[in-house]
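Note on naming: letters A, B, ... go to the chains in the order of the sequence lines (proteins, then strands), and numbering restarts at 1 for each one. All figures in this text were calculated on a predicted structure; none of them were measured in a lab.
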There are 4 protein chains.
Amino acid sequence: MAAQKSAQKSDPRAPSSTRRSEKSRRAIYDAALALVAEVGYPRTTIEGIAARAGVGKQTIYRWWSSKAEVLMEAFLDLGEQSAQAMGHEPYAIPDTGDLAADLKAVLRATVDELKDPRFEAPSRALAAEGVVNEQLGREFVTKLLEPSLQLYVERLRTAQEAGDMRPDIDPRIALELFVSPLAQRWLQYTGPISYEYTDTLVDYALHGLTPRTR
Amino acid sequence: MAAQKSAQKSDPRAPSSTRRSEKSRRAIYDAALALVAEVGYPRTTIEGIAARAGVGKQTIYRWWSSKAEVLMEAFLDLGEQSAQAMGHEPYAIPDTGDLAADLKAVLRATVDELKDPRFEAPSRALAAEGVVNEQLGREFVTKLLEPSLQLYVERLRTAQEAGDMRPDIDPRIALELFVSPLAQRWLQYTGPISYEYTDTLVDYALHGLTPRTR
Amino acid sequence: MAAQKSAQKSDPRAPSSTRRSEKSRRAIYDAALALVAEVGYPRTTIEGIAARAGVGKQTIYRWWSSKAEVLMEAFLDLGEQSAQAMGHEPYAIPDTGDLAADLKAVLRATVDELKDPRFEAPSRALAAEGVVNEQLGREFVTKLLEPSLQLYVERLRTAQEAGDMRPDIDPRIALELFVSPLAQRWLQYTGPISYEYTDTLVDYALHGLTPRTR
Amino acid sequence: MAAQKSAQKSDPRAPSSTRRSEKSRRAIYDAALALVAEVGYPRTTIEGIAARAGVGKQTIYRWWSSKAEVLMEAFLDLGEQSAQAMGHEPYAIPDTGDLAADLKAVLRATVDELKDPRFEAPSRALAAEGVVNEQLGREFVTKLLEPSLQLYVERLRTAQEAGDMRPDIDPRIALELFVSPLAQRWLQYTGPISYEYTDTLVDYALHGLTPRTR
DNA sequence: CCCTAATCGAGACGGTACGTCTCGTCTTGTC
DNA sequence: GACAAGACGAGACGTACCGTCTCGATTAGGG
């Protein structure tokens with residue numbers, strides 16, 4: 001969104017968005033998400049999106065430069081929609097004072113989300129595209145992943161202040177100990193995903209693998 | 001899995017492999033890997049592979065059912081080739097008695113490999129395809145990832161016997177604490193990859209995030 | 001026939017011809033005729049026509065349903081072109097009052113045309129295709145052959161009125177006595193073609209084979 | 001047949017026919033004729049013939065050089081078969097002394113044969129191929145057409161001797177007056193074929209188109 | 001409140017690759 | 001050595017999409 005406004009200013013040959021049809025934009029988002037969910041990303045085509053949205057192909061090419069970009073915006077928009085639908089703040093990390101419990105709760109919520117078919121198809125598609133297309137991958141991280149990860153960073157910093165985490169730990173790295181394993185199992189099918197699994201991850205990460213010598 | 005083994009024995013509709021041209025098979029592997037490295041996976045086409053390999057398209061379609069499958073076998077073959085080139089055993093995990101040092105050493109080697117352009121293009125391509133194509137993803141894990149991860153499992157079990165790791169820890173999960181973060185950074189560009197980073201991961205994972213009371 | 005006329009007006013599944021590229025149509029005709037002349041009909045391919053015309057294959061498939069149909073239209077167009085090039089009226093049958101002389105003159109012109117390489121390759125190709133493909137064969141006759149034959153019918157009718165031909169003769173059948181032998185010799189290589197031959201045909205046909213008693 | 005024996009002698013690289021499998025040859029003829037009748041000539045493939053005949057493709061390529069040649073021999077063989085089945089002499093031209101009646105009778109028999117589906121598919125296919133492939137066309141004429149036409153030549157010569165035909169008439173050309181029109185109607189769908197039509201042809205040809213003065 | 005320029009739906013266009021089919025050659029046992 | 005079987009290099013088939021390019025027909029905004 002921000003990116004778009006700035007593009008509007010800086011790129012002189014970009015079409016002026018003032019006349020842009022909001023109805024078409026929405027129809028394209030809907031069609032893109034629906035098609036990805038129904039037939040998968042590779043068999044989702046720009047022609048298909050245009051036909052389903054009742055839109056000329058040029059209307060897509062005018063505003064986006066690739067299938068991946070359309071889906072990325074559609075997915076971001078979907079996130080904003082559902083954020084607005086609930087009481088804003090997508091899902092912040094609670095702070096009950098019990099770090100382990102808080103992390104376990106958030107990860108359990110993440111497990112649920114990863115299994116929600118509404119999100120699974122498009123986010124897998126985007127993640128896959130991002131693996132192979134660095135530019136899109138970084139955009140995916142910046143716009144979608146990193147904001148969520150920052151919530152962990154904040155919660156871990158609070159824990160450090162409360163003395164629940166060693167002060168020399170870098171929270172940005174620390175969070176990967178329990179977030180990345182879940183991510184990898186989901187992305188690459190390296191193992192099953194369950195509450196028990198994420199609970200275990202938190203326990204292992206917080207207390208370490210080696211014995212605590214008396 | 002069972003299906004796979006039986007296919008390996010005798011799929012009635014598959015062509016009999018007795019007359020298969022070994023020369024063509026090799027040429028196809030080489031062409032596939034070269035093209036993926038040169039122009040990237042999406043712009044690698046079966047026609048391109050066939051042309052480069054000096055082979056009819058049908059010879060590819062006869063033995064493989066998709067571009068991804070060709071690349072998968074080519075990549076597996078590449079692994080076997082280079083394994084044979086060195087003194088077999090791809091890269092086992094050393095056991096010097098110092099668990100932390102051993103893990104750091106292996107992860108540093110992994111960092112190097114992830115940055116080797118010879119491996120990067122095809123393995124990214126396969127990983128991306130696997131994210132979106134579950135069947136291929138599971139094959140990728142079974143044939144490529146899991147064998148490597150089992151090496152960690154074994155080293156960690158040795159550590160447990162030596163009293164260097166708590167006996168109640170599940171090694172298959174434990175290894176993800178330091179392997180998955182590296183994997184995610186590489187796959188999704190969520191952060192830079194360095195020796196320092198992997199060393200830190202090992203330290204965090206082994207000793208935990210929380211203060212060791214007493 | 002009726003079906004054809006209605007198709008001419010508006011076949012619902014046919015693409016709207018308003019946006020059709022005239023330049024491509026012409027280029028396709030030229031390429032088709034050139035290729036048939038150069039490499040023969042069987043080795044003329046739709047891909048080849050498209051490539052030579054600088055046109056996408058789909059542009060051919062959009063407007064024609066087979067190689068034969070393309071060539072048929074190209075040939076019809078060629079006829080119209082050369083008709084317009086001269087003073088219209090392709091070549092009517094003269095009426096000097098001498099029936100035999102008039103028929104001999106026209107048949108001599110036909111001999112020349114049959115030997116013109118510009119016409120030979122495509123018309124042989126179409127004729128051959130028409131032998132085996134009844135639909136195309138009938139189209140070939142309707143659009144190309146019959147119009148020419150009607151000229152004979154008219155000339156023969158005039159002859160009947162002038163008392164130069166028996167009034168009980170059916171002109172449509174009569175013309176075959178001298179036209180069909182020439183056609184068969186050309187089509188099937190059953191014999192050489194010459195002015196002498198066609199002159200003889202006219203003589204035989206007009207006066208019969210049996211002796212004129214009294 | 002004769003052609004084959006001579007080929008056997010003159011072409012040193014031709015395989016020696018002594019070991020040739022008669023069973024395969026017959027199976028190939030049957031398969032070729034059956035396929036042409038069932039799916040038409042263009043969709044009859046050498047692979048299809050081989051498969052249907054239960055024969056390796058090479059066995060076809062070893063003995064024939066093209067699909068057309070296979071069909072030609074198969075058709076010739078079919079003719080010989082049915083000739084032998086009846087009392088030899090396929091159908092000679094009767095000589096009752098009444099030339100017109102004799103010719104009408106033979107042409108009526110020809111009409112029947114042209115409508116026999118057993119002969120129609122392969123002979124159309126061969127004729128079509130012959131239109132476009134001069135070598136094959138001439139072979140078709142030499143082996144199939146000309147022998148039949150010679151029967152007309154002989155009958156007409158007898159008529160000349162009997163004073164039923166003008167002596168200055170060339171019988172080889174004369175026969176075309178009634179044979180070629182029928183051939184063209186059959187080959188090119190230029191008109192319907194019936195006993196009435198062929199009777200008319202004979203009448204027109206024998207007595208000419210112009211009035212017989214007194 | 002109209003005029004005009006940009007956006008829109010539609011879809012033809014030159015291309016590329018798809019996966020299939022058949023060609024004619026070559027190779028591998030069998031008889 | 002001819003045969004059945006069938007893999008092979010080659011290349012055309014007809015289809016599906018690509019991204020570009022007109023076409024009128026809205027459709028807004030600045031005059």
Peer 1: How many whole angstroms separate atom CG of B:Leu35 from atom P of E:dT16?
Peer 2: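 Going from CG in B:Leu35 over to P in E:dT16 covers 16 Å.
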Peer 1: Taking only the side-chain heavy atoms of C:Ser24 (C-beta and beyond), determine which of F:dG19, F:dA7, E:dG14 contains the nearest atom.
Peer 2: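 Closest nucleotide to the C:Ser24 side chain: E:dG14.
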Peer 1: E:dG14 C1' sits how many Å from C:Arg52 CZ, rounded?
Peer 2: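 These atoms are roughly 18 Å apart.
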Peer 1: Which nucleotide sits closest to the side chain of A:Lys57: F:dC18, F:dC23, F:dA12?
Peer 2: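 The answer is F:dC18.
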Peer 1: Expressed in angstrom and rounded to an integer, what is the separation of B:Ile28 atom CD1 from F:dA7 atom P?
Peer 2: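 From B:Ile28 CD1 to F:dA7 P: 14 Å.
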Peer 1: Does F:dA4 have OP1 or OP2 sitting under 4.0 Å from an N or O in the side chain of D:Thr59?
Peer 2: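 Yes, such a contact exists.
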Peer 1: Of the nucleotides F:dA16, F:dA10, F:dC21, which has the atom closest to the B:Gln58 side chain?
Peer 2: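 When the side chain of B:Gln58 is considered, F:dA10 is the closest of F:dA16, F:dA10, F:dC21.
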Peer 1: Does A:Lys67 make a cation-pi contact with A:Tyr41 (under 6.0 Å, within 45 degrees of the axis)?
Peer 2: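 Cation-pi check for A:Lys67 and A:Tyr41: passes.
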Peer 1: Do you know the tightest heavy-atom contact between C:Thr59 and C:Trp64?
Peer 2: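 What the structure gives for the nearest pair is O-CZ3, 4.3 Å.
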Peer 1: Find the distance B:Arg20:CZ to E:dT28:P and express it as a whole number of Å.
Peer 2: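 The answer, rounded to whole Å, is 16 Å.
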Peer 1: Out of F:dC3, F:dC23, F:dT15, which has the shortest distance to the side chain of C:Tyr61?
Peer 2: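 That would be F:dT15.
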Peer 1: Ignoring hydrogens and angles, does a donor from either the side chain of B:Arg19 or the base of E:dT28 sit under 3.5 Å from an acceptor on the other?
Peer 2: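 Answer yes: a donor N or O sits under 3.5 Å from an acceptor.
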Peer 1: What's the closest nucleotide to the side chain of B:Arg62 if the choices are E:dA12, F:dC8, E:dC21?
Peer 2: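 Nearest nucleotide to the side chain: F:dC8.
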Peer 1: Side-chain N or O of C:Trp63 versus OP1/OP2 of E:dC13: is the shortest distance under 4.0 Å?
Peer 2: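 The answer is yes; a side-chain N or O of C:Trp63 sits under 4.0 Å from OP1 or OP2.
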Peer 1: Identify the two heavy atoms, one from B:Tyr29 and one from B:Glu73, that lie closest to each other, and give their separation to 0.1 Å.
Peer 2: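 The pair with the smallest heavy-atom distance is OH-OE1, 2.9 Å.
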Peer 1: Rounded to whole angstrom units, what separation is found between the CD1 atom of B:Ile49 and the C1' atom of F:dG9?
Peer 2: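 So the two atoms are 16 Å apart, to the nearest Å.
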Peer 1: Of all the heavy-atom pairs spanning B:Val132 and A:Ala128, show the shortest one and how long it is.
Peer 2: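 Minimum heavy-atom separation between B:Val132 and A:Ala128: CG2-CB, 3.8 Å.
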Peer 1: Assuming nearest nucleotide by heavy-atom distance, tell me which of D:Glu22 and B:Ser21 is located more 5' along DNA chain F.
Peer 2: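 So the residue in question is D:Glu22.
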Peer 1: In whole Å, what is the span from the CD1 atom of D:Ile60 to the C1' atom of F:dG6?
Peer 2: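 Roughly 14 Å, once rounded to whole Å.
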Peer 1: Donor-acceptor pair, C:Arg124 side chain versus D:Val131 backbone, under 3.5 Å?
Peer 2: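 The answer is yes, because a donor-acceptor pair under 3.5 Å joins these two groups.
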Peer 1: What is the distance, to the nearest angstrom, from the CD atom on D:Glu69 to the P atom on E:dG24?
Peer 2: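 Atom-to-atom, D:Glu69 to E:dG24, this comes out as 12 Å.
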Peer 1: Can a salt bridge be assigned to the pair A:Asp77 and A:Arg26 using a cut-off of 4.0 Å between side-chain N and carboxylate O?
Peer 2: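 Result for this pair is yes, salt bridge flagged.
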Peer 1: Starting from P on F:dC21, measure out to NZ on C:Lys23 and report it in whole angstrom.
Peer 2: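 Checked: the NZ to P distance equals 13 Å.
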Peer 1: Could you check whether B:Arg25 makes a cation-pi contact with B:Trp63, meaning its NZ or CZ is under 6.0 Å from the centre of the six-membered ring and within 45° of the ring axis?
Peer 2: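 Relative to the ring axis of B:Trp63, which defines the angle, B:Arg25 lies outside at least one limit.
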Peer 1: What residues from residues 41-48 of chain D pass a heavy-atom cutoff of under 4.0 Å to DNA chain E?
Peer 2: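 Residues of residues 41-48 of chain D that come under 4.0 Å of DNA chain E are, in numerical order, D:Thr45, D:Ile46, D:Glu47.
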